[in-house]
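Step one of this worksheet: look at the structure below.
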Amino acid sequence: MKALITGITGFVGSHLAEYLLSRKIEVVGTVRNRSRMDHIRSIEREIKLAECELRDPFSVDSLIRSEKPDLLFHLAAQSFVPTSWNSPMDTIHNNIAGQLNLMEAIRRHGLGTRIQIACSSEEYGHVNPEETPIKETNPLRPLSPYAVSKVAQDYMGYQYYRSYGLHVVRTRTFNHTGPRRGENFVTSNFAKQIADIEKGKKPPILYVGNLEAKRDFTDVRDVVRAYWLALEHGIPGEDYNIASGECHTISDMLSLLLSLSTAEIEVRTDPERLRPSDVEILLGDYRKFHEATGWKPEIPFRQTMTDLLQYWREQP
Ligand code: GDD
């Protein structure tokens, strides 16, 4: 069994590669010449890396033709919401064209590849209070260019399933975090700031954006297990929420992190961190996925945040 992971050098991709290797799956991952390799250093000898620019149809076609993967986990994307306001065209192009090239190559080569698409809870966007916990049937009201790109990826998966019978399973993952989370994202950003303050690398002031938003966080190690199960037991053409079913304000998440440190820290709002529009609440209902696959989250939020802070403490 051979799995292809796009975005293998990233946060989720590196955890997924480790998980698949533990299940004795052959792993191939796409890289670009500017990819950072640190997350996959320890497994570099056990995986195959293939240079591929997903936006380039020729590059993708030759990759798919030569690798003929049984499983495709499509994780590569521009995934940071604020960046999508600064460069909306790049986000839209990157996220949509990359996937289109993959789908077209798999279709043209007549492969039976099982495909997981990393969609997002951001697609739900504006959610009315009575709509939580959010089910897959909720209207999609995206609030950022990133969210729009994910809606397109999601529906493109549906369309390729309907039009050509490709085995596409769409996972709408709510926020996820854990060791190696990129430092732009809120959990990692706050944890890194605390670790830097503890090390004396920065003054004891922690900068924040909107602390009122509510998010549903799942540990990345639970998420990658979910992706595997999505292709083992998920029904092609379906979409599934992957969530913890619990919601925290960003302020509560910050309090938890601060309680794990003995440093005296002042919290200050940085207006630059506020967004043109922010999704107020994301709280997911993952029952549909549980019923299809038996998956449920196993790692408690406190453990995830403890491991994340420890990760940043150990970074040079
Ligand atoms: N990044 C960041 N930095 N966010 C902050 C900060 C800060 O200093 N202060 C408050 N926030 C708030 C944001 O306004 C947002 O409401 C929340 O914290 C989470 O922000 P992010 O961690 O940047 O994630 P996101 O919710 O915008 O998107 C993430 O989750 C999606 C799934 O729901 C990303 O991982 C997406 O790629 C993913 O699809």
Side-chain angles (χ1 to χ4, degrees), residues 7 10-13 15 74-86 91 94-95 117-127 132-134 138 140-154 170-178 180-194 196 205-220 223 226-227 239-258 265 267-286 304-305 308:
F11 163 58
V12 183
H15 282 280
H74 180 38
L75 310 180
Q78 192 305 94
S79 64
F80 189 47
V81 173
T83 297
S84 78
W85 273 294
N86 296 332
T91 299
N94 183 72
N95 295 359
I117 300 177
C119 303
S120 169
S121 56
E122 274 287 305
E123 292 171 51
Y124 295 115
H126 175 76
V127 174
T132 58
I134 306 164
N138 214 69
L140 305 181
R141 307 184 191 101
L143 292 178
S144 66
Y146 166 77
V148 170
S149 78
K150 285 285 154 183
V151 171
Q153 283 190 246
D154 192 326
R170 299 167 285 150
T171 49
R172 290 185 187 155
T173 309
F174 286 62
N175 292 56
H176 40 296
T177 188
R180 302 183 207 145
R181 185 34 140 174
E183 66 178 277
N184 283 339
F185 299 88
V186 70
T187 47
S188 237
N189 189 276
F190 292 178
K192 181 173 189 292
Q193 289 192 63
I194 293 172
D196 284 349
I205 303 165
L206 190 146
Y207 290 97
V208 301
N210 173 20
L211 295 183
E212 304 308 314
K214 299 188 178 91
R215 290 292 186 274
D216 176 330
F217 292 100
T218 304
D219 193 287
V220 64
V223 168
Y227 289 171
D239 48 16
Y240 296 103
N241 283 343
I242 297 183
S244 74
E246 278 174 25
C247 189
H248 305 265
T249 60
I250 300 304
S251 169
D252 286 346
M253 182 276 290
L254 174 59
S255 302
L256 169 58
L257 274 177
L258 289 171
I265 297 174
V267 174
R268 220 181 261 181
T269 301
D270 170 5
E272 291 283 304
R273 291 171 183 246
L274 301 172
R275 303 174 179 192
S277 53
D278 203 2
V279 172
E280 279 176 42
I281 179 166
L282 289 175
L283 168 61
D285 182 335
Y286 67 87
T304 304
M305 297 309 290
L308 177 61

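Numbering of ligands and ligand atoms starts at 1, following listing order. Throughout, numbering of the chain's residues begins at 1 and tracks the sequence. Quick caveat, the model's predicted, so the values are computed rather than measured.
Counting only heavy atoms of the protein, atom 7 (C) of ligand 1 lies nearest to R273 NH1, 3.7 Å. Nearest to atom 16 (O) of ligand 1 among the protein's heavy atoms is D278 OD2, 2.8 Å. For atom 28 (O) of ligand 1, the nearest non-hydrogen atom of the protein is V81 CG2, 3.8 Å. For atom 22 (O) of ligand 1, the nearest protein heavy atom (residue, atom name, distance) is V186 N, 2.7 Å. When hydrogens are left out, the protein atom nearest atom 37 (O) of ligand 1 is S79 O, 2.6 Å; that is the closest non-hydrogen contact. Protein heavy atom closest to atom 10 (C) of ligand 1, with residue, atom name and distance, is N210 O, 3.1 Å. Of all protein heavy atoms, the one closest to atom 32 (C) of ligand 1 is S121 OG, 3.2 Å. Given atom 17 (C) of ligand 1, the protein heavy atom at minimum distance is I250 CD1, 3.7 Å.
Between E123 and R172, at least one side-chain N (NZ, or NE/NH1/NH2) sits under 4.0 Å from a carboxylate O, which counts as a salt bridge.
In this model, no donor atom of one side chain and acceptor atom of the other lie less than 3.5 Å apart for Y286 and T218. In the model, R273 has a side-chain atom that pairs as donor or acceptor with a side-chain atom of N189 under 3.5 Å. Side-chain atoms of S84 and T91 include no donor-acceptor pair closer than 3.5 Å.
Of all the heavy atoms of N175, the ones lying under 4.0 Å from any atom of ligand 1 are found in both the backbone and the side chain. Contacts of R181 with ligand 1, taken as heavy-atom pairs under 4.0 Å, involve the side chain alone. By the criterion of a heavy-atom distance under 4.0 Å, neither the backbone nor the side chain of D270 is placed next to ligand 1.
Side-chain contact between R180 and H15: present, with at least one pair of heavy atoms (C-beta onward) separated by less than 4.5 Å. Counting heavy atoms from C-beta on, the side chains of I194 and L258 come closer than 4.5 Å.
Residue contacts with ligand 1: V208 is placed with no nitrogen or oxygen under 3.5 Å of a nitrogen or oxygen of the ligand (distance criterion only). Checked against a 3.5 angstrom limit, the closest N/O atoms of T187 and ligand 1 fall outside it. Looking at ligand 1, you won't find any N or O of N189 less than 3.5 Å from one of its N or O atoms. In terms of polar-atom proximity, G209 is counted as a contact of ligand 1, with an N or O under 3.5 Å from an N or O of the ligand. Taking distance alone, with nitrogen or oxygen atoms compared against 3.5 Å, N184 approaches ligand 1 more closely than that limit.
Every atom of ligand 1 is numbered from 1 in the order shown, and the set under 4.0 Å from a heavy atom of S120 is 31 (C), 32 (C), 33 (O), 38 (C), 39 (O).
Under the 4.0 angstrom criterion for non-hydrogen atoms, T177 is not in contact with ligand 1.
The two residues N95 and Y146 come nearest to each other via the heavy atoms ND2-CD1, 4.1 Å. When every heavy atom of K150 is checked against every heavy atom of S120, the shortest pair comes out as CG-CB, 4.0 Å.
The nearest non-hydrogen atom to atom 21 (P) of ligand 1, considering only E122, R275, R215, comes from R275. Residue F185 holds the heavy atom nearest to atom 34 (C) of ligand 1 of all those in F11, F217, F185. When the heavy atoms of F80, Y124, Y146 are ranked by distance to atom 38 (C) of ligand 1, first place goes to Y146.
Once rounded to the nearest 0.5 Å, the distance linking CG of L140 with OG of S121 reads 11.0 Å. Here the straight-line distance linking atom CD of E246 with atom NE2 of H248 works out to 5.0 Å at 0.5 Å rounding.
Ring pair F80/F185 is perpendicular by interplanar angle, where above 60° counts as perpendicular and below 30° as parallel.
Not a single donor-acceptor pair under 3.5 Å links the side chain of T171 to the backbone N or O of N241.
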Begin from the C-alpha positions of V279 and V127 and carry the test side chain to side chain contact (heavy atoms under 4.5 Å, CB included) through to its verdict. CA-CA 8 Å; V279 172; V127 174; 5.6 Å; no

